[in-house]
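The structure appears below as structure tokens.
By convention here, the first residue in the shown sequence is residue 1.
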Amino acid sequence: MNRSIVRKEFVPFLLLFGSLIVATAITDALLHVFGLYWIGRWLGIPGTLLILLSFFYSMRKRKLINSGNPKTLLRLHEVLTWIGALMILVHAGIHVYAVLPWLALLAMLVTLASGMTGQYLLGRSRRDLLAKRQFHADHGDSPATIDKEVFWDAVTVDVMKQWRAVHFPITLAFGVLGLAHILSILLFWQWQ
């Protein structure tokens, strides 16, 4: 019951985020080793499409669409966003020479970290709170005692529920910067 929050919550979060960075480095290195580095330039397109597809979860959640199981769409949102971000990171590589793509890339990473924070910390904290309540109930504690024992955990979970208030504007900033990057490519690329 008293496992370290760092080991229980923060380490899995770091491992998933770190695996994205490692997968990016490995994919980019393999493309360069096999002389396929040019593929990286084009990975931005399918990466962007995967991230756009992941928004079906958000549309379902806000009742803009009625089809699809919310749990399935959430899992799909997480997977498509991770793979899309991987493709965009490989697309960016270390070859970004302008401010706008760097800002879009940074916004994407912050959006991804924000979403993963919600996924890991909020979901797991809710389960921990319920487990603590159940633990005290199983030991015969009164409802008033249980409320007193889990008060600060409950307050923390309530505060953490507000993460969406941060995640949405960050996602919007990512979308605007990403769109600006795409439009600048369409305008200034030397089409031949």
Side-chain angles (χ1 to χ4, degrees), residues 9-10 12-24 27 39-93 96 100-131 133 154-187 189:
E9 307 298 341
F10 194 64
F13 170 82
L14 284 179
L15 288 174
L16 187 59
F17 199 76
S19 68
L20 177 65
I21 304 305
V22 170
T24 299
T27 304
I39 291 175
R41 172 175 282 194
W42 298 100
L43 285 178
I45 296 168
T48 300
L49 292 175
L50 288 176
I51 289 175
L52 289 174
L53 283 173
S54 78
F55 281 103
F56 276 108
Y57 166 71
S58 300
M59 292 189 307
R60 173 70 167 103
K61 187 174 167 191
R62 288 168 182 75
K63 297 182 174 49
L64 296 174
I65 60 171
N66 294 321
S67 60
N69 179 330
K71 268 189 161 180
T72 303
L73 289 174
L74 175 60
R75 180 59 56 201
L76 196 60
H77 173 75
E78 294 165 353
V79 170
L80 291 176
T81 301
W82 194 92
I83 294 170
L86 171 67
M87 290 178 165
I88 290 173
L89 285 169
V90 172
H91 163 73
V96 179
L100 185 59
W102 274 113
L103 290 174
L105 187 64
L106 180 64
M108 182 191 72
L109 288 173
V110 171
T111 302
L112 189 64
S114 169
M116 289 171 56
T117 299
Q119 171 194 2
Y120 272 96
L121 300 183
L122 181 58
R124 293 174 195 260
S125 296
R126 283 180 178 160
R127 286 189 293 275
D128 282 351
L129 178 61
L130 290 174
R133 285 187 178 280
V155 168
T156 302
V157 168
D158 286 342
V159 169
M160 289 172 63
K161 287 179 185 176
Q162 303 307 314
W163 76 272
R164 285 183 191 94
V166 174
H167 185 64
F168 182 75
I170 292 170
T171 303
L172 184 60
F174 165 53
V176 168
L177 289 166
L179 184 61
H181 169 63
I182 292 167
L183 290 175
S184 71
I185 293 300
L186 293 174
L187 288 173
W189 197 2

Atom pair CZ/NE2 of Arg60 and His77 - distance to nearest 0.5 Å: 15.0 Å
In Å, rounded to the nearest 0.5 Å, how long is the span from CG of Leu109 to CZ of Phe17? 5.0 Å
To the nearest 0.5 Å, how far apart are OG in Ser19 and CG in Leu86? 9.0 Å
Distance-minimising heavy-atom pair for Leu105 and Ala92: CD2-CB, 3.8 Å
dist Ile39:CD1 -> Met87:CE (nearest 0.5 Å) comes out at 11.0 Å
Looking at Arg75, I want to see if its CZ is surrounded by more than 12 non-hydrogen atoms of other residues, nucleotides or ligands under 6.0 Å. no
Around atom CZ of Phe56, are there more than 12 heavy atoms of other residues, nucleotides or ligands at under 6.0 Å? no
Within this structure, what is the OG1-CG distance for the pair Thr81 and Leu76, rounded to the nearest 0.5 Å? 8.5 Å
Among Ile65, Leu80, Leu74, exactly one meets side chain to side chain contact (heavy atoms under 4.5 Å, CB included) together with Tyr57. Which residue is that? Leu74
Please list, one pair per line, the donor and acceptor atoms closer than 3.5 Å that link side chains of residues 170-181 to other protein atoms, with sequence neighbours excluded.
unit_1, atom_1, unit_2, atom_2, d
Thr171, OG1, His167, O, 2.7

For the atom pair CG (Leu16) and CD1 (Ile21), what is the distance rounded to the nearest 0.5 Å? 10.5 Å
Taking side chain as C-beta onward, heavy atoms only, is Met108 less than 4.5 Å from Ile51? yes
Give me the atom names and distance for the closest heavy-atom approach of Leu112 to Ala85. CD2-CB, 3.9 Å
Are Leu130 and Arg126 close enough that some pair of their side-chain heavy atoms sits under 4.5 Å apart? no
